2 protein chains.
Amino acid sequence: MSTLHVVSPFPRSNHSHARCQASALACAERTCAERGSRLTALRRRVLELVWRSHEPIKAYEILDRLHNKPRRAAPPTVYRALDFLRREGFVHKIESMNAYMGCGAPGHTGAAQFLICRLCGMAAEIADAGVSLRLGKRARELDFTVDAQTTEIHGLCAGCRPARRKRGQT
Amino acid sequence: MSTLHVVSPFPRSNHSHARCQASALACAERTCAERGSRLTALRRRVLELVWRSHEPIKAYEILDRLHNKPRRAAPPTVYRALDFLRREGFVHKIESMNAYMGCGAPGHTGAAQFLICRLCGMAAEIADAGVSLRLGKRARELDFTVDAQTTEIHGLCAGCRPARRKRGQT
DNA sequence: GAATGCAATGTTATAGTATAACATCAAGCA
DNA sequence: TGCTTGATGTTATACTATAACATTGCATTC
Ligand SMILES: [Zn+2]
Ligand SMILES: [Zn+2]
Ligand SMILES: [Zn+2]
Ligand SMILES: [Zn+2]
């Protein structure tokens with residue numbers, strides 16, 4: 001019926017994360033330039049930290065890694081940058097973890113869903129139109145007007161699941 | 001295709017919440033008796049507070065309403081009771097609000113979804129098998145093993161939406 | 001009944017998450 | 001230049017949750 005769009009996959013072993021991160025930053029630069037919104041040095045730095053890996057990052061971990069010279073930055077610094085990045089669609093909040101992750105396809109239409117591995121801590125983002133359409137339909141049946149959907153799935157990613165015999169393997 | 005099961009609806013104007021609350025408590029009593037788990041006075045009181053309305057409640061609001069004689073109870077008191085009630089399936093946590101609400105059908109199989117009104121603050125719980133099956137299928141395609149699903153939809157309930165002409169109305 | 005074991009609760013302290021409120025700074029513009 | 005506005009700095013505090021250890025109360029066993 002509808003397509004599974006993987007916005008941000010679990011990285012494969014041959015994944016070049018340096019490029020992955022660079023391309024996310026470049027995309028943000030480009031988008032902000034188009035929109036006239038200001039990706040300042042601080043905001044860029046925070047986005048860089050969010051994209052340090054595919055593992056959602058906590059606000060206070062960002063804070064610790066900012067180390068603004070004499071003393072550590074204060075919480076509002078980070079939360080304001082995150083607010084901006086979320087408004088612009090570059091960052092998602094994972095509600096069930098109080099953590100933040102980069103969006104693999106800023107500007108993608110429709111709601112996103114997240115798969116979060118309890119072992120390695122990495123998360124993947126998908127945008128399954130079927131899921132969000134169906135939720136929308138259910139809401140409509142209850143006469144409910146949808147503003148935003150949050151879907152977070154916890155479990156085990158392929159890499160972390162104890163190896164199992166697969167067809168075609170010895 | 002699959003059925004929309006409304007576990008806990010937005011209450012209608014003729015809703016008798018006293019009965020609604022009493023029945024939830026009775027159900028918990030019965031279930032605990034069957035299981036041999038202990039619904040102590042404290043735990044029962046917390047469940048009662050969770051069911052005070054259809055609006056998810058914050059842990060510290062429960063705390064404030066417990067007023068254990070000389071001084072107010074301490075946080076662990078409430079969090080431990082909530083942990084018990086969640087383990088037993090009587091209470092759900094709404095992750096996007098850090099709030100808790102009673103389950104309208106303890107023991108229901110499959111994942112639940114929540115609709116939360118940004119105006120009145122009330123929440124409804126549904127258990128749409130289609131949504132959770134579809135999410136499960138998507139996860140499987142990515143070789144991801146699902147432990148738990150969280151789906152929370154924010155928006156406007158029927159009662160809070162500005163009135164609109166409907167078919168058949170003057 | 002005393003001794004024991006165990007789950008529940010009490011108590012104190014602290015960790016972790018987020019925002020309010022106001023001060024300062026820097027860039028663009030009248 | 002002086003003004004406006006948005007970004008950042010700074011301090012304080014609110015809100016959410018858990019760690020760690022003490023105490024209580026009830027059931028089991030001797
Ligand atoms: Zn990557
Ligand atoms: Zn993993
Ligand atoms: Zn009710
Ligand atoms: Zn409402």
Side-chain angles (χ1 to χ4, degrees), chain A residues 28-29 32-33 35-50 55-88 90-101 116 121 150 152, chain B residues 28-29 32-33 35-50 55-88 90-101 116 121 150 152:
Chain A
E29 303 262 25
C32 282
R35 291 180 187 164
S37 49
R38 302 174 47 188
L39 187 63
T40 62
L42 174 65
R43 289 165 172 175
R44 192 180 189 289
R45 175 81 183 115
V46 169
L47 184 56
E48 201 172 293
L49 288 169
V50 166
E55 190 173 345
I57 190 172
K58 303 272 197 167
Y60 276 69
E61 188 179 345
I62 295 175
L63 209 42
D64 290 338
R65 294 181 185 232
L66 274 180
H67 49 67
N68 268 7
K69 302 308 148 46
R71 58 182 121 186
R72 174 194 197 241
T77 299
V78 155
Y79 284 105
R80 284 192 290 230
L82 286 172
D83 286 347
F84 170 84
L85 296 169
R86 291 171 68 189
R87 275 198 311 276
E88 299 290 330
F90 304 143
V91 165
H92 294 292
K93 178 174 184 182
I94 306 297
E95 298 285 356
S96 56
M97 301 179 68
N98 296 319
Y100 304 83
M101 75 175 286
I116 304 142
T150 299
E152 297 167 13
Chain B
E29 304 262 24
C32 282
R35 292 180 188 163
S37 49
R38 303 175 48 187
L39 188 63
T40 63
L42 175 65
R43 290 164 172 177
R44 192 181 187 287
R45 175 80 183 115
V46 169
L47 184 57
E48 203 173 290
L49 287 170
V50 167
E55 190 172 346
I57 191 172
K58 302 271 197 167
Y60 276 68
E61 187 180 346
I62 295 174
L63 208 44
D64 289 337
R65 294 181 186 232
L66 276 179
H67 50 68
N68 267 8
K69 301 309 147 42
R71 58 181 121 185
R72 173 196 200 240
T77 300
V78 155
Y79 283 104
R80 283 192 289 230
L82 286 172
D83 286 348
F84 171 84
L85 295 169
R86 291 171 67 188
R87 276 198 308 276
E88 298 290 330
F90 303 143
V91 165
H92 294 292
K93 178 173 185 184
I94 307 297
E95 299 285 356
S96 56
M97 301 179 67
N98 296 319
Y100 304 83
M101 74 175 286
I116 304 143
T150 299
E152 297 168 13

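Values reported hereafter were calculated over all heavy atoms of this structure, with side chains retained and with hydrogens, waters and symmetry mates removed. First the proteins, then the strands, lettered A, B, ... as listed; each starts at 1. Computed from a predicted model, the values in this text were never measured in an experiment.
- Between A/Arg38 and A/Phe84, the shortest heavy-atom distance links the atoms O-CZ, 3.6 Å.
- Residue B/Arg86 contributes atom CZ, which lies 11 Å from atom C1' of D/dA17 at whole-angstrom precision.
- Between A/Tyr100 and C/dA18 there is a side-chain polar atom (N or O) within less than 4.0 angstrom of OP1 or OP2.
- Residues A/Val91 and A/Val46 fail the side-chain proximity criterion, which asks for heavy atoms closer than 4.5 Å.
- Looking at every heavy atom in both residues, B/Met97 comes nearest to B/Lys58 through O-NZ, 2.9 Å.
- When the P atom of C/dA8 is taken as reference, atom CZ of B/Phe84 falls 7 Å away, rounded to whole Å.
- For A/Asn98 and D/dT16, the shortest distance from a side-chain N or O to OP1 or OP2 is not below 4.0 Å.
- In this structure, the nucleotide among C/dT9, D/dA17, C/dA18 sitting nearest to the side chain of B/Arg43 is C/dT9.
- Within the 4.0 Å cut-off from OP1 or OP2 of D/dA17, at least one side-chain nitrogen or oxygen of B/Lys93 is found.
- Between D/dG9, D/dT16, C/dT17, one nucleotide has an atom nearer to the side chain of A/Thr77 than all others, and that is D/dG9.
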Please encode protein proximity along nucleotides 18-28 of chain D as a string of B, S and -, counting only heavy-atom distances under 4.0 Å. BBB--------
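- Inter-residue side-chain proximity for A/Glu29 and A/Arg44 is flagged as met; some heavy-atom pair is nearer than 4.5 Å.
- Within the 4.0 Å cut-off from OP1 or OP2 of D/dT16, at least one side-chain nitrogen or oxygen of B/Lys58 is found.
- Mapping B/Ala81 and A/Met97 onto DNA chain C by nearest heavy atom places B/Ala81 at the nucleotide closer to the 5' end.
- We find that CG of B/Leu66 is positioned 13 Å from P of C/dT11, with the value rounded to whole Å.
- Between A/Asp64 atom CG and C/dT17 atom P the separation is 11 Å, expressed in whole Å.
- Residues B/Arg87 and B/Asp83 have side chains in contact (heavy-atom distance under 4.5 Å, counting atoms from C-beta outward).
- Counting only heavy atoms from C-beta outward, the side chains of A/Arg86 and A/His92 never approach each other to under 4.5 Å.
- Following rounding to the nearest Å, B/Glu61 (CD) and D/dA14 (P) show an atom-to-atom distance of 18 Å.
- In this structure, A/Ile62 places its CD1 atom 11 Å from P of C/dT17, rounding to the nearest Å.
- B/Ile57 places its CD1 atom 12 Å from the P atom of D/dT16, with the value rounded to the nearest Å.
- A pairwise comparison of heavy atoms in B/Ala73 and B/Leu63 identifies O-CD1, 3.5 Å as the closest pair.
- Here C/dA18 presents its P atom at 9 Å from CD of A/Glu95, a figure rounded to the nearest Å.
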